[in-house]
Amino acid sequence: MPHDMPRLRHDGRRAGQLRAVRITPNFVGTAGGSCLIEMGGTRVICTASCESNLPPWRRELGVGWVTAEYGMLPASTGQRKSRPGAKGDSRATEIQRLIGRALRNVVCLEKIGPVTLTLDCDVLEADGGTRTAAITGAYVALSLLAERAVAAGKFQRGAIHTAVAAVSVGVVNGEAMLDLDYQEDSRADVDMNVAMVRGGKFVEIQGSSEKRPFDAGELERLLSLARAGIRQLLAAQRRAIDEGLR
């Protein structure tokens, strides 16, 4: 390979290239809003539900709430994953809190009224980036529900005031890469998940050194890759929402 040619990843992608993205809206016909999001080998079903009840600590405020639940089906990782028992799954709890925080950033809680919006994200197949795919897909499900609720006069216009998407980035073999699959994530020197709203502001950055510390230059390179990837995901979300409302 000529020295000026970029190295390709094990699946043939360039360092700054997303995996193939497909978002199928209205995947669950009984849900208020839903989609199947596929990013390479990762597949997540996202549904949005609206219930006319609130957590006790929200009732006096008279405004809505957004929460999320996340889980991995037993066969999602190839080797069977046990279902959560009475003690629950601490990783799933951390991820569903992340999803809830991200989506609350785009909802005007005063405009949905005293209801709870629940986003359920169920991983069918996991090949890296399940939490970021869940955030990206949950926004599509939430938007479909909200658009229908506005049309029915249940929510005020502007209930969803911007879009949010998320992607993973990392440093593998000294190179910054976008949208890591499991093979890359499992041997990354640095691993990061980034959620952003339309316009480029950050909602959440989760980054850690897995094998060595990273410097400011690497951090900026990772954030630059994340911005570029999220712009593409925001466009894919918009196409899926438009398709789902037709």
Side-chain angles (χ1 to χ4, degrees), residues 6-11 13-21 37-44 46 68 70 72 76-77 89-106 121 123 125-139 162-237:
R7 287 184 299 169
L8 296 180
R9 296 154 73 170
H10 73 95
D11 58 2
R13 286 185 292 151
R14 299 182 303 277
Q17 187 175 358
L18 290 171
R19 290 174 288 178
V21 179
I37 181 167
E38 301 170 86
M39 297 191 67
T42 289
R43 305 169 69 225
V44 186
C46 301
Y70 167 97
M72 299 178 70
S76 60
T77 59
D89 181 334
S90 59
R91 177 181 177 273
T93 298
E94 183 263 325
I95 292 174
Q96 63 195 32
R97 287 175 177 168
L98 166 65
I99 297 166
R101 286 195 303 272
L103 274 295
R104 282 193 293 274
N105 271 270
V106 304
C121 302
V123 179
E125 295 183 61
D127 187 25
T130 60
R131 71 185 66 196
T132 52
I135 290 170
T136 303
Y139 171 76
T162 190
V164 64
V167 75
S168 68
V169 287
V171 178
V172 183
N173 294 331
E175 186 172 9
M177 295 182 178
L178 174 67
D179 190 18
L180 307 186
D181 63 16
Y182 177 76
Q183 184 178 141
E184 293 165 335
D185 182 67
S186 64
R187 56 190 177 89
D189 299 324
V190 180
D191 182 27
M192 188 173 295
N193 299 298
V194 181
M196 299 176 69
V197 294
R198 186 188 297 118
K201 290 188 177 181
F202 296 105
V203 168
E204 186 122 5
I205 301 173
Q206 296 183 333
S208 62
S209 166
E210 300 293 340
K211 297 178 181 177
R212 62 166 178 80
F214 56 98
D215 59 30
E218 288 176 305
L219 174 61
E220 183 48 47
R221 175 60 179 153
L222 291 173
L223 294 180
S224 178
L225 285 173
R227 288 187 195 99
I230 287 173
R231 281 196 295 269
Q232 296 175 61
L233 292 172
L234 290 168
Q237 287 174 324

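Please read all numbers here as calculations on a predicted model, not as lab measurements. The figures that follow rest on heavy atoms only: side chains count, while hydrogens, waters and symmetry mates do not. Residue indices begin at 1 and follow the sequence shown.
Without hydrogens or angle criteria, Glu220 side chain to Gly217 main chain gives no donor-acceptor distance under 3.5 Å. In this structure a side-chain-to-backbone donor-acceptor pair under 3.5 Å is present from Asp179 to Arg19. With Ser168 contributing its side chain and Gly129 its backbone, the two residues share no donor-acceptor pair below 3.5 Å. At least one donor-acceptor pair closer than 3.5 Å links the side chain of Asp127 to the backbone N or O of Tyr182. Panel note: side chain Gln96, backbone Tyr70; a donor-acceptor pair is recorded below 3.5 Å. Judged purely by atom type and a 3.5 angstrom limit, Thr136 uses its side chain to pair as donor or acceptor with the backbone of Thr132.
Residues Arg231 and Met196 form no side-chain contact, since every pair of their non-hydrogen atoms from C-beta on lies 4.5 Å or further apart. Looking at Arg198 and Val106, their side chains never come closer than 4.5 Å, going by heavy atoms from C-beta outward. Contact of the Glu204 side chain with the Asn193 side chain is not registered, since no non-hydrogen atoms from C-beta on lie closer than 4.5 Å. Between Arg187 and Val172, some side-chain heavy-atom pair lies under the 4.5 Å cut-off. Val171 has its side chain out of reach of Arg221: every pair of non-hydrogen atoms, C-beta onward, lies at least 4.5 Å apart. Annotation: side chain of Gln237 is not in contact with side chain of Ile230 (no heavy-atom distance under 4.5 Å).
Note that CD of Glu210 is 10.5 Å distant from CE of Met192, once rounded to the nearest 0.5 Å.
Within 6.0 Å of atom CZ in Arg97, 12 or fewer heavy atoms from other residues, nucleotides or ligands are found, so the atom counts as exposed in its surroundings.
Residues satisfying the side-chain hydrogen bond (donor to acceptor under 3.5 Å, both in side chains) test with Asp11, not counting sequence neighbours, are Arg13. Partners of Glu94 under the side-chain hydrogen bond (donor to acceptor under 3.5 Å, both in side chains) rule, at least two apart in sequence or in another chain, are Arg131, Gln206.
Look at Glu175 and Arg14 and you find no salt bridge, because none of the NZ, NE, NH1 or NH2 atoms lies under 4.0 Å from a carboxylate O.
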